[in-house]
Number of protein chains: 2
Amino acid sequence: MEVSEIYKCIADPQRLRIINLLEVGPLCVCHMQEILEVPQVKMSKQLSSMKQLGLLEAHREGTWMIYKLVDPVEGLITANLCYLREAACGECSQLQRDLTKRKKLILKVTKIENDCPQEVCEQIACC
Amino acid sequence: MEVSEIYKCIADPQRLRIINLLEVGPLCVCHMQEILEVPQVKMSKQLSSMKQLGLLEAHREGTWMIYKLVDPVEGLITANLCYLREAACGECSQLQRDLTKRKKLILKVTKIENDCPQEVCEQIACC
DNA sequence: CAGATATATACTAAATATAGTATATACTGT
DNA sequence: ACAGTATATACTATATTTAGTATATATCTG
């Protein structure tokens, strides 16, 4: 993966937000959609372009597709997330808010689906 | 300046190389051209787009235009250069080679223009 | 098998970015 | 004022990216 491709990828705010979410752990498409409030087509196309690039991978679980960052995560990605999460700017605080939203969403989901202990849930993403 | 604009900027290898050069100190257009071996139009257009963005500023010195990074340098830029200069990849080693080339070029220029002590030269860029 | 849900793809229109050629401007030295 | 050097801009062609609508696929449930 080329440096310039990575930058081109995170140069799109929506894609950056997706990566920010996935860096914390895998997520299924519908939950990312809910967090980012973005139309299904757009989400799907962005995910597939990032998968194509070699940044994400996905597996199916029932009707859901679970996406995650390819392991090991590109150092350049990690370094930038690290910087942005500390920084003070519009896009940066958005990233923070997304992570908060993610946490709440997962808590809610685990309660509905019941009995999935939070730690496990965090690990397998969408329960 | 938006985060996404900065990424879009450095997503172009040539622009990244320019920023990498200028981070070390100001330079005039013709010397950047010589180092990057890129046609005059392209260089000029890229510089002007980065100036427009608020990343660079320029002043005239005779027939030369001296460009420099706006002070203070965007933290995101600094952080990324810092990462890339250490990293091992094609684009990264290119950045290193550019800096070497820059050093040699300046030494050569200072000799021709004579008597400009290197430290001063480094500071005022193209002598 | 039919209907529902989640996700992906094809196709098209529209917007953006890039590259090249020619030309213009600003300055210097004569 | 004129020729030369350095740099910028206008204009155009071309490529790349993005967005939207419609449609397809995969899986589950009854």
(message) My understanding is that only residues two or more places apart in sequence, or in another chain, count here; which of them pass salt bridge (Lys or Arg N to Asp or Glu O under 4.0 Å) with B:Lys68?
(response) B:Glu57
(request) Sugar-phosphate atoms are those with a prime plus P, OP1 and OP2; base atoms are the rest. Using that split, label each nucleotide of nucleotides 14-26 of chain D B, S or - for protein heavy atoms under 4.0 Å, 5' to 3'. (result) ---SSBBB----S
(message) Please determine whether a side-chain nitrogen or oxygen atom of B:Tyr67 lies at a distance below 4.0 Å from atom OP1 or OP2 of D:dA8.
(response) yes
(request) Can you tell me the distance, in whole Å, between the CE atom of B:Met65 and the C1' atom of C:dA26? (result) 10 Å
(message) Quiz question: by atom type and distance under 3.5 Å, do the side chains of B:His59 and B:Glu61 form a donor-acceptor pair?
(response) yes
(message) Without decimals, in angstroms, what is the distance between B:Gln52 CD and C:dA17 C1'?
(response) 14 Å
(request) Figure out the CE/P separation between B:Met43 and C:dT18, and round it to whole Å. (result) 15 Å
(message) Donor-acceptor check, side chain of A:Ser93 to backbone of A:Gly90, threshold 3.5 angstrom: yes or no?
(response) yes
(request) Using whole Å, report how far NE2 of A:His31 lies from P of C:dT5. (result) 15 Å
(request) Round to a whole Å and report the spacing from CD of B:Gln14 to P of C:dA19. (result) 8 Å
(request) To the nearest Å, give me how far apart CG (B:Leu56) and P (D:dA8) are. (result) 11 Å
(request) State, yes or no, whether a side-chain contact exists between B:Tyr7 and B:Asn80 at a heavy-atom distance under 4.5 Å. (result) yes
(request) Nearest whole angstrom, please: distance from the C1' of C:dT7 to the CD1 of A:Ile18. (result) 14 Å
(message) Quick one, A:Gln40 with A:Val29, criterion side-chain contact (heavy atoms from CB on, under 4.5 Å). Give me CA distance, side-chain angles, the key distance, then yes/no.
(response) CA-CA 9 Å; A:Gln40 189 261 321; A:Val29 181; 5.8 Å; no
(request) Please answer whether the main-chain N or O of A:Arg17 pairs with a side-chain N or O of A:Asp98 as donor and acceptor at a distance below 3.5 Å. (result) no
(request) Nearest whole angstrom, please: distance from the P of C:dA6 to the CD1 of A:Ile66. (result) 12 Å
